Undergrad: 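Let me give you the structure first, and then I'll get to my questions.
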Amino acid sequence: MSASDTSRYDAQAAEPKWQKIWDDLGVFEARRDESKPKYYVLEMFPYPSGRIHIGHVRNYVMGDVIARYKMARGFNVLHPMGWDAFGLPAENAAIEKGIHPGDWTYENIRVMKGQLRPMGLSLDWSRELATCDPEYYAQQQALFLDMLEAGYVTRKSSVVNWDPVENTVLANEQVIDGKGWRSGAPVERRELTQWFFKISDMAEELLDAIDGLEKWPDKVRLMQRNWIGKSRGLQFPFKLIGAPEGFGELEVYTTRPDTLLGASFGAISPDHPLAKALETNPEVRAFNEECRRLGTSEEAIEKAEKKGFDTGVRMVHPMDPDWTLPVYIANFILMDYGTGAIFGCPAHDQRDLDFARKYGLPVIDTFVAAEGGEPVGDEAYTPPKTEKVRYVKGFDVPEIATGEEAIDAAIAYFEQRGLGQGVTKYRLRDWGMSRQRYWGCPIPIIHCDRCGPVPVPKEELPVVLPRDVDLGAKGNPIALHPTWSKVDCPKCGAAARRETDTMDTFVDSSWYFARYTAPRAKTPTVPEEADYWMNVDQYIGGIEHAILHLLYSRFFARAMQGTGHLPEKAKEPFNALFTQGMVVHETYSTPHPDDPEREVWHFPEEVTRGEDGSVVLRDSGRPVTVGPVIKMSKSKKNVVDPDDIVASFGADTARWLMLSDSPPERDVEWTTAGVEGAARLLQRVWRILETALPVLPAPGTPAPACGDEATALRRLAHKTIQNVTRDIEGFAFNKAVAHIYELVNALAKSSSEAPDMAFARREALEIVAQMANPMIPHFAEEMWERLGHETPLVQTAWPEADLALAQDDVIVLPIQVNGKKRGEISVPKDASNEDVEERALAQESVIRFLEGKAPRKVIVVPGRIVNVVV
RNA sequence: GGGAGCGUAGCCCAACUGGAAGAGGCGCCGGCCUCAGAUGCCGGAGGUUGCCGGUUCGACUCCGGCCGCUCCUACCA
């Protein structure tokens, strides 16, 4: 193909050309400009795992559509990008491949940036940051110190997964069936003193503020509410009989005090002080140790078979001194929630019922259904608290009452008698942020035997990670470093030790959005910049971050406001949130050669379908196990990267494909079916353009008088502006794509060279270019240039639809008889309901289906439908 | 175990949130173009809206119960 051949669109030439033009114009470099409204669009930044995959691209292309659209709407747009660069995979790579985590991470960033740049995203790369860079984490350490001083940080004990062979703490994902993933040794729960952010102090505030997050998806708001888990309940003690010294009472918390007369046992967590005190009994010790082998994840604990151990201790029912109940240690009671001790009421809690059946404990109904209630059998009776039920063993409450009423009555009863008190509790726990790992932000603290934990003076920041560590060693690599931790106490000058824990990587991602407003500053933020750019107007990311990342970021924004690093308005940092669906794919595995219990994962490109349809490895032909369709992730290798498509068809084709078909919020199973279709669209539009060019009027020619055909094309073009605008605003990119197709299809059918048609075709082509610009910007710019425009689209305003032109004057209404379509009528769009009814009843087909009967009712839905009911 | 979501043509999905089951794309079939293929153009078929029940003049849409799949579950990010 020669350079002057315009019969085909040449993405390989056009894409670098336009990227250079945009770069030279500096249009994506955000500068403060008080004369324009600002718009901050942000996609969740990636973990540099090695290569960009389709899931990333989908995320960033969506953000790019919004960014480019807002630019055309006259906003001063900030659209930055960076790297969530600390984390466990870098350490694993170091062990497996002998590469330093830092080298591995920076190489990944280089590769992934190299993959992203050709996508033509409107990113301000001058603000790029990496959380593993001392420039970033120095400011994170400064923030930590300010938060410590302001009382947002505390130190206390918590449980971790301990691998006794590796001498190391394991992440939940490193615990497989209760065993360490490398050592295979049974995992233990062990207590360590760790640093915490006091997020639970903010539970009420974070809960209340959810109401104000109107542009967040309801499902995310609901998930956050449930996670915070506010509950009102009763806390009170049981007197104990036969307990070790110092354990005269057992404090329990219950959200259902109305079921107290249905109690049949007490249960405590294996981590409860009483359970530990009882470990002098070897059987108790053995039971507790078995429980501790479950690891720390909520999922594992709850999924495990419910087991209990009768301690022999008994507790006295507070309402009847002669009534005593056995106290069990139970593997499903969490020490972190409530008081770590409960009373079990089998009739009204399924877990308690299963437990009671297993250990032969009584099941006592306290209430039954208000009408025809039967005693509990195999299923616990747990109606909503708002439902009226009949209390058969209630106290201080009418026989028929709702759960809520009875709970309030029970709390009042206990408070009046001084037996206990109503308390509000939250499921939300403090955020444990200490990690016994290498590749993270060092916690800037020095431990002195005399002064305790002492903050590192700010002028000595950053506390830089040591580079020379032995990651293969058993234990925390930083703690094992021979010299790094040895320092003098900043307060008293005595020999002291640095804190060797690093921060949870969620800390890094909890404030990066604020750092983007002044990424090179020598302070965490800069007031003028934060004032101008905050908040994030549109945040875009995966639904998998609906709880933790977003909740932690909300906490951080408040703490940063409290320490003077963010303005008041940034307390809720994300004005609008869009959660895009995940790109999912099958997984492929074969048994590990050394250990058939384990699996080796394979990339989709490594497998192929055999002749009989079975899935085999491409090189060896070994059979492959096809696993479930799950989120693309490096660890399972079910990733597809965009390079092949970009190399064969160009970035715009990949972008178009990503935006077509699937609604953005829905998960998509990745398939390359449709690539050719996406590429075809570009060529098709190009051909339409090149065919039309010789007959089109000059740019800016005013509209001539238009005949029916030209008016119809113009109407569709202006409707397309309305539709695409609405669809982009509503994140319905798949619908925007469909509307562009519709206009292109109409253009393809127009070949008339009459002046009015030539005008309408130019107008429609320009609108196609402008509507498609946020999605396939290189192609759109090239079109725009061929159409004779000198100012690039990136600096061109979004068009306004001509409302008068976009409206239909006549609409077609379907007519139903008894809900079934029997005919249709055409009426003026502003026809009255009476008119419509009259015309509908005059319809031949309607008369026929009425069979002489008089209509009982006629329902006219303006602009929609007419239903005649007989 | 708990929390959240999804399910429409062979496939991806629309259906203005209660108003004609079909906008758009992929694939498939037929025709045209071509020496042939690719590209392209024109046309077409395809349905118990996961299942059962309820509300309604009218249900893909709302309610209840099942089935299947996905995400989160506090040390994966």
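Letters A, B, ... are given to chains in the order of the sequence lines, protein chains preceding strands, and every chain is numbered from 1. Please read all numbers here as calculations on a predicted model, not as lab measurements. Just so you know, these numbers use all the heavy atoms, side chains as well, and skip hydrogens, waters and symmetry mates.
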Undergrad: Under the ring pair (Phe, Tyr, Trp, His ring centres under 6.0 Å) rule, what do A:Tyr512 and A:Phe45 come out as? Steps first, then yes or no, please.
TA: CA-CA 9 Å; A:Tyr512 76 111; A:Phe45 64 167; 3.7 Å; yes

Undergrad: Distance check: side-chain N/O of A:Lys735 vs OP1/OP2 of B:A15, anything under 4.0 Å?
TA: yes

Undergrad: Provide a list of protein-nucleic acid N or O atom pairs under 3.5 angstrom, restricted to nucleotides 46-48 of chain B.
TA:
none

Undergrad: Under 4.0 Å: is that the gap between some side-chain N or O of A:Ser297 and OP1 or OP2 of B:U73?
TA: no

Undergrad: So, does the side chain of A:Asn745 form a donor-acceptor pair with the base of B:G24 at under 3.5 Å?
TA: no

Undergrad: Should the pair A:Glu305-A:Lys358 be classified as a salt bridge under the 4.0 Å nitrogen-to-oxygen rule?
TA: yes

Undergrad: Given that A:Lys631 and A:Pro46 both sit by RNA chain B, which one's nearest nucleotide is further toward the 5' end?
TA: A:Lys631

Undergrad: Counting N and O atoms only, with roles assigned by atom type, does the side chain of A:Gln683 sit under 3.5 Å from a partner on the main chain of A:Tyr9, one being a donor and the other an acceptor?
TA: yes

Undergrad: Under 4.0 Å between a side-chain N/O of A:Arg856 and OP1 or OP2 of B:C57, yes or no?
TA: no

Undergrad: Check this for me, if you would: do A:Arg435 and A:Asp504 make a salt bridge, where the nitrogen-to-carboxylate-oxygen distance has to be below 4.0 angstrom?
TA: yes

Undergrad: Would B:U17 be called syn or anti, given that syn covers angles within 90° of 0?
TA: syn

Undergrad: Is the distance from OP1 or OP2 of B:G2 to the nearest side-chain N or O of A:Arg427 less than 4.0 Å?
TA: no

Undergrad: Write out all pairs satisfying salt bridge (Lys or Arg N to Asp or Glu O under 4.0 Å) with one or both partners inside residues 856-870 of chain A, taking only residues at least two apart or from two chains.
TA: none

Undergrad: Just the atom pairs and distances: protein N or O near nucleotides 20-22 of chain B's N or O, under 3.5 Å.
TA:
residue, atom, partner, partner atom, Å
B:A20, N1, A:Glu824, OE1, 2.6
B:A20, N3, A:Lys821, NZ, 2.8

Undergrad: Please give the distance between the P atoms of B:C62 and B:C16 as a whole number of Å.
TA: 11 Å

Undergrad: Is there a side-chain polar atom (N or O) of A:Arg680 under 4.0 Å from OP1 or OP2 of B:G27?
TA: yes

Undergrad: Please give me every residue in residues 48-56 of chain A whose heavy atoms get under 4.0 Å of an atom in RNA chain B, ordered by residue number.
TA: none

Undergrad: Here's one to test your reading of the geometry: is the NZ or CZ of A:Arg8 within 45 degrees of the ring axis of A:Trp686 and under 6.0 Å from its centre?
TA: no

Undergrad: Just grab all the side chain to side chain donor-acceptor pair (under 3.5 Å) pairs involving residues 626-636 of chain A, residues at least two apart or on different chains.
TA: A:Ser633-A:Ser635

Undergrad: Taking only N/O atoms, report every protein-nucleotides 4-7 of chain B pair under 3.5 Å with atom names and distance.
TA:
residue, atom, partner, partner atom, Å
B:G7, OP1, A:Arg666, NH2, 3.3

Undergrad: May I ask you to decide whether A:Asp271 forms a salt bridge with A:Arg189, counting only side-chain N to carboxylate O separations under 4.0 Å?
TA: yes

Undergrad: Can you find a side chain N or O atom of A:Asn734 that sits less than 4.0 Å from OP1 or OP2 on B:C12?
TA: no

Undergrad: Between A:Arg684 and B:C41, is there a contact of a side-chain N or O with OP1 or OP2 at under 4.0 Å?
TA: yes

Undergrad: On RNA chain B, does the nearest nucleotide to A:Ser662 precede the nearest nucleotide to A:Lys857 from the 5' side, or the other way round? Give the residue.
TA: A:Ser662

